[in-house]
Amino acid sequence: MLFEVKDLHTQFSTEEGVVRAVDGISFSVDRGEVLGIVGESGSGKSVTSLSILKLIPDPPGRITGGQILLETEAGKTEDLVRASEARMEQIRGDRIAMIFQDPMTSLNPYLRIGAQLAEVLVLHKRMRRAEARARSIALLKEVGIPAATSRIDDYPHQLSGGMRQRVMIAMALLCDPDLLIADEPTTALDVTIQAQILDLIQERREAQGVAVILITHDLGVVARMADRVAVMYAGRIVEEASAEAIFHAPRHPYTIGLKRSVPRLDVARGQRLSPIPGMPPSLARVPPGCPFHPRCEHVMAVCREKVPETREVSREASAGEPGEGKSAAGDAAAGATKATRRALHVVRCHLGDPALDTYHGHPTSPAPEAQQVDQPGGGAS
Amino acid sequence: MAEVSQAGADAGAGAGQGAGAGQGKVRLDAIERGSSLWRDAWRRLRKNRASVVSGVILVVLVLACIVVPEVSSWRYDLADLKLGATPPSAAHWMGTDYFGRDLMARVFFGGRVSFTVGVIATLVSFTIGVSWGGIAGYFGGKVDAVMMRIVDALYTFPFLVLVILLMVFFANDRSVLHAAFQLVLSVAVENPKDPAYFPIFQIAVVFAALGAISWLTMARIVRGQVIALRGQPFVEAARSIGVGHRAIIFGHLIPNALGPIIVYTTLTIPEVMMTEAFLSFLGLGTQEPLSSWGLLASSGAETMDLYPWLILFPGGMLAVTLLCFNFLGDGLRDALDPRIRKD
Amino acid sequence: MIRFVLKRLLSILPTLLIVATVAFVMMRFVPGGPFDQERAVPAEVERALRAKYHLDDPLAKQYGDWLWALVSRGDLGPAFKYPNRTVNEIIALSLPISMQLGVLAMIFALLVGVPLGIVGAVRQNTWKDTAAMATAMVGVSIPRFVLAPLMILIFSLTLFWFPVARWETWRHMVLPVVCAGLPMAAYLARLTRGGMLEVIRSDFVRTARAKGLSERRVILRHALRGGMLPVVSYLGPGFSHLLVGSLVVEKIFNIPGMGRYFVEAAMNRDYNLVLGVMLVYGVLLMVFNALVDVAYAFIDPRVELG
């Protein structure tokens with residue numbers, strides 16, 4: 001495995017207390033693979049990416065536990081959490097490179113782009129200036145900058161947003177990194193430019209075999225790019241699966257909620273989107289148990305104390321036979337086993353149980369959680 | 001949340017009133033935001049040890065300036081030529097000056113003058129700056145362009161040079177201003193021509209001159225705030241129910257921009273006090289037999305090789321006061337200005 | 001850029017004319033004249049003096065003559081209180097001294113203030129930052145006329161390192177330059193820290209770190225330019241503060257600079273001298289502001305000179 005994060009914890013100490021921005025996440029990504037990390041703003045995605053490069057401002061932030069394992073040239077693995085700052089400087093920009101969200105502000109406005117590109121090569125590849133410049137021009141051409149030979153002497157403000165993001169990508173790819181972290185690479189761009197930039201990343205992945213961690217809040221981007229997807233909420237990964245599984249058989253209510261809140265063209269006009277109610281919790285006060293439970297429409301007593309396991313929902317169920325869902329719901333009401341209830345937890349939300357729709361429409365009707373609390377011993381496990 | 005909004009109804013009433021003219025919802029929001037802003041600010045300020053200590057020292061100094069000249073056994077202008085200059089002693093804690101006057105009485109009396117100049121000139125600059133910036137920001141367009149162009153033009157001028165000229169040409173007994181001053185004085189006292197009133201006139205000119213030059217930054221700050229607030233729903237709401245321009249600017253916009261205004265006001269006081277001292281040092285501000293810290297430092301500087309205490313005490317008092325105002329202003333800025341707060 | 005500088009310098013002229021006119025009119029309308037404070041002067045002598053200097057001409061003629069002399073010959077007229085010298089001579093003697101003091105003080109302020117501010121920003125919230133900023137706060141708060149006597153007491157009268165007064169050798173210059181420059185250094189330290197903090201938090205500095213640049217290079221190559229912008233834009237008004245602040249230093253150290261003449265001339269109603277010195281101040285200030293604009297555009301490519 002090229003790159004692996006194990007049980008990573010990143011904390012910030014703030015006026016309101018300790019913020020666990022990243023709270024024990026694990027994931028891995030291999031050469032040529034794209035891992036999507038999805039979540040709302042404030043879920044800890046960007047802190048994750050900055051933690052990997054150890055760019056968390058300290059103080060107030062600190063990596064407090066876990067491992068970040070990178071395969072070295074010799075085939076061994078190295079734990080970046082314990083690597084020295086000097087070692088990190090060798091790795092940053094050379095083996096692990098990063099593309100940031102906002103190309104308008106991520107390039108230095110006071111320096112020509114040529115200088116900003118070439119300094120990476122001079123630093124990591126010990127190139128001479130002229131050589132570095134030639135290589136920079138070549139790469140600008142590869143990422144689709146017209147008239148790269150003259151553009152290289154422009155300042156960032158002379159380029160459009162899309163062009164600047166191309167420059168950022170070129171800058172990240174200059175040293176042939178093994179891992180590319182793209183943190184919301186298209187969020188700040190026009191829709192048409194977004195597609196071009198994503199295609200460009202896809203193309204570079206194929207051409208250079210670089211592993212990509214793609215961080216975004218946009219499920220559409222993930223659907224298009226990722227091989228595997230990790231869903232983050234409140235500093236944790238609540239679900240990780242292949243992209244296909246995430247889209248066709250999501251298990252966690254949060255994932256389902258996220259999916260439902262994406263506008264779709266194939267849904268009849270006039271039908272309302274169903275956004276997830278409420279806001280992500282302040283990371284200084286993450287609710288106990290499953291952090292999503294205050295917003296979850298399928299919350300069970302167990303959710304308040306521990307994170308319930310999500311279970312695989314069968315292909316058939318996820319294909320969406322309303323009848324099956326209903327019968328499962330009926331079982332639960334009758335006092336089914338815990339296992340059935342957990343399955344129900346998932347099945348119900350996925351199938352769009354009519355009872356739930358009623359709940360949405362009529363806030364006065366008993367909330368699902370009230371039904372669950374009635375179950376004796378629902379919280380023990 | 002419930003308790004916050006409850007407390008907000010009390011604490012935030014002042015700030016909320018401005019926003020309250022429109023709909024109830026807007027008003028509630030404004031109160032909640034307002035109160036938690038002030039409460040947070042107060043909490044942050046209390047945590048800033050330098051600011052708290054500075055605030056306490058300032059209060060003590062002001063009280064001392066009020067009390068000491070009253071209870072002191074020496075008057076600030078009581079000379080004892082036989083005594084002359086003596087170093088600090090049990091009778092005269094800060095020593096005496098060349099004319100045998102008690103330095104402590106003079107220093108604290110001078111403090112009254114310095115503080116008064118600081119506060120009044122700041123009020124003058126506050127009034128001009130807030131009105132100017134508020135009007136320019138609220139009306140925008142050409143009004144704003146012209147008004148701010150004037151501010152920019154004045155900014156490029158070496159102000160103290162201007163103040164020096166103003167002081168020289170107005171603070172004399174033959175200036176138009178002096179005639180006006182005597183006219184005003186004749187209402188209050190029997191013999192307005194008494195030369196004893198002349199120093200008071202000069203100090204009044206110092207107020208005016210300092211106030212007249214130090215409002216520029218305030219105008220810029222207020223204008224920026226007003227422009228930011230102008231588009232908010234509560235302003236539209238107020239306008240829609242027919243609240244006049246003046247009421248919107250001074251009743252709604254300015255109260256909501258109070259944070260930065262307070263910060264800058266706190267920072268203007270030391271600046272003005274420093275300028276007064278500077279003028280007095282050059283012989284253009286406060287005149288004998290009155291005293292101010294700048295004047296005392298000026299005469300102290302001339303004889304510092306012989307009587308160093310004459311410069312050390314007034315100079316030290318002035319420096320401590322300015323330092324405290326600056327620390328307090330900095331603390332207020334950290335506490336109140338959300339933009340810089342992140343530092 | 002040269003065109004910009006020329007344009008700016010030309011645009012100074014109307015402003016100067018306005019300043020000169022206002023100052024001229026203001027002074028002539030104010031009571032008191034250059035010769036009426038000397039009680040010893042009998043009435044006919046004073047009348048003769050006034051006639052000699054054309055002070056009995058109509059005001060418009062006085063103004064016209066004065067302006068013509070200035071424009072055609074660069075002549076600022078005679079100094080009334082210094083019978084044998086012209087304003088030009090006085091300025092020619094005192095301006096270089098004031099300029100030396102001002103420029104040296106500014107260099108001192110930059111050399112001390114900017115590094116202090118960078119340390120404060122880079123080591124934010126550590127004891128180094130706290131110490132640097134507390135020092136700067138003290139520096140901002142101590143008036144020059146308190147600082148200068150204090151330094152004289154310590155370094156001249158106690159340690160005998162530097163002379164007490166005058167402006168001759170480098171030893172004479174040390175204390176005045178430090179006194180004039182220290183408050184500005186303190187202010188620059190605070191400005192630099194603020195500017196640097198803002199830039200250090202910006203996205204492009206994060207990008208620079210992500211490229212693997214060392215902290216030193218990140219600060220010096222990527223953050224410093226942006227962080228210096230507030231400092232650069234302050235140098236214009238800062239220079240004028242320095243000029244005025246030097247009045248005190250010139251007085252305390254008995255330095256024959258322009259500031260001393262200005263204060264004296266204003267008090268004595270030495271019209272020509274006041275006007276002359278004010279015009280020189282104005283020119284200096286505006287030239288300096290133009291230079292600052294050029295420097296600003298030089299640092300920030302997004303700013304266009306026009």
Side-chain angles (χ1 to χ4, degrees), chain B residues 50 54 153 155-170 172-176 178 270-271 273-275 277-278 280-284 293-294 297-298 300-305 308 310-312 314-327 330 339-340 342-343, chain C residues 15 18-19 23 26-27 29-32 121 124-125 130 133-134 137-138 140-150 152-153 156-157 164 183 190 193-194 197-198 201 236-237 239-241 243-245 247-248 251-252 259 262-263 265-269 274 277-278 281-282 284-286 289:
Chain B
S54 300
Y155 243 117
T156 56
F157 219 79
F159 270 118
L160 281 168
V161 170
L162 205 67
V163 176
I164 290 170
L165 282 184
L166 284 178
M167 292 306 300
V168 166
F169 293 117
F170 286 117
N172 65 60
D173 53 4
R174 278 177 294 174
S175 79
V176 192
H178 189 242
E271 210 179 294
M273 288 178 77
M274 172 107 82
T275 313
F278 168 83
S280 299
F281 182 84
L282 291 180
L284 299 166
W293 288 338
S298 170
E302 280 163 24
T303 53
M304 66 190 164
D305 42 348
L310 289 180
I311 176 94
L312 290 180
M317 290 291 261
L318 181 62
V320 167
T321 305
L322 298 178
L323 192 65
C324 287
F325 268 116
N326 281 329
F327 267 124
D330 252 30
R339 201 181 70 82
I340 309 171
K342 293 179 201 105
D343 284 22
Chain C
T15 320
I18 294 170
V19 170
M26 196 170 130
M27 267 181 292
F29 270 108
V30 147
Q124 193 199 353
N125 296 334
T130 315
M133 285 309 113
M137 187 65 102
V138 173
V140 170
S141 303
I142 294 189
R144 288 189 175 92
F145 57 79
V146 176
L147 186 67
L150 217 61
I152 292 178
L153 272 180
S156 299
L157 300 177
V164 183
R190 287 160 59 84
R193 177 176 179 271
L197 276 181
E198 200 147 297
R201 277 195 223 104
F239 185 67
S240 107
H241 286 179
L243 277 183
V244 179
L247 297 188
V248 167
K251 180 174 170 182
I252 292 179
F262 178 69
V263 177
M267 287 169 125
N268 297 334
R269 286 160 185 59
V274 171
V277 174
M278 265 186 78
Y281 273 145
L284 280 179
L285 205 74
M286 289 183 224
N289 277 331

**Proximity breakdown for Ser298(B) and chain C, heavy-atom pairs closer than 4.5 Å** = side chain
**Request:** Write down the atom of Pro143(C), the atom of Leu322(B), and the distance for their closest heavy-atom approach.
**Result:** CG-CD1, 3.9 Å
**Asked** Taking only residues two or more places apart in sequence, or in another chain, which ones meet Phe281(B) in a ring-ring contact (aromatic ring centres under 6.0 Å, His included)?
**Response** Phe145(C)
**Asked** Which heavy atom in Ser141(C) sits nearest to a heavy atom in Asn326(B), and how many Å separate them?
**Response** OG-ND2, 2.9 Å
**Fill in**
Closest heavy-atom pair, Arg144(C) versus His241(C), reported as atoms and distance to 0.1 Å, is NH1-O, 4.3 Å
**Request:** Below 4.5 Å from any heavy atom of chain C, which atoms of Leu323(B) appear? Answer side chain, backbone, both or neither.
**Result:** both
**Prompt:** In terms of heavy-atom pairs under 4.5 Å with chain C, which of Ala277(B), Gly300(B), Pro314(B) leads?
**Reply:** Ala277(B)
**Request:** Side chain from CB out, backbone as N, CA, C, O: work out which of these in Leu243(C) comes under 4.5 Å of a heavy atom of chain B, or both, or neither.
**Result:** neither
**Fill in**
Across all chains, not counting sequence neighbours, the ring-ring contact (aromatic ring centres under 6.0 Å, His included) partners of Phe325(B) are none
**Prompt:** Under a 4.5 Å heavy-atom cut-off, does chain B meet the side chain of Val138(C), its backbone, both or neither?
**Reply:** both
**Request:** Select one option (side chain, backbone, both, neither) describing which atoms of Val274(C) are under 4.5 Å from chain B's heavy atoms.
**Result:** side chain
**Request:** Give the minimum heavy-atom separation between Ala297(B) and Ile311(B), together with the two atoms involved.
**Result:** O-CD1, 3.3 Å
**Asked** Where on Arg190(C) is there a heavy atom nearer than 4.5 Å to chain B: the side chain, the backbone, both, or neither?
**Response** side chain
**Residue Leu147(C) versus chain B: region with a heavy atom under 4.5 Å** = neither
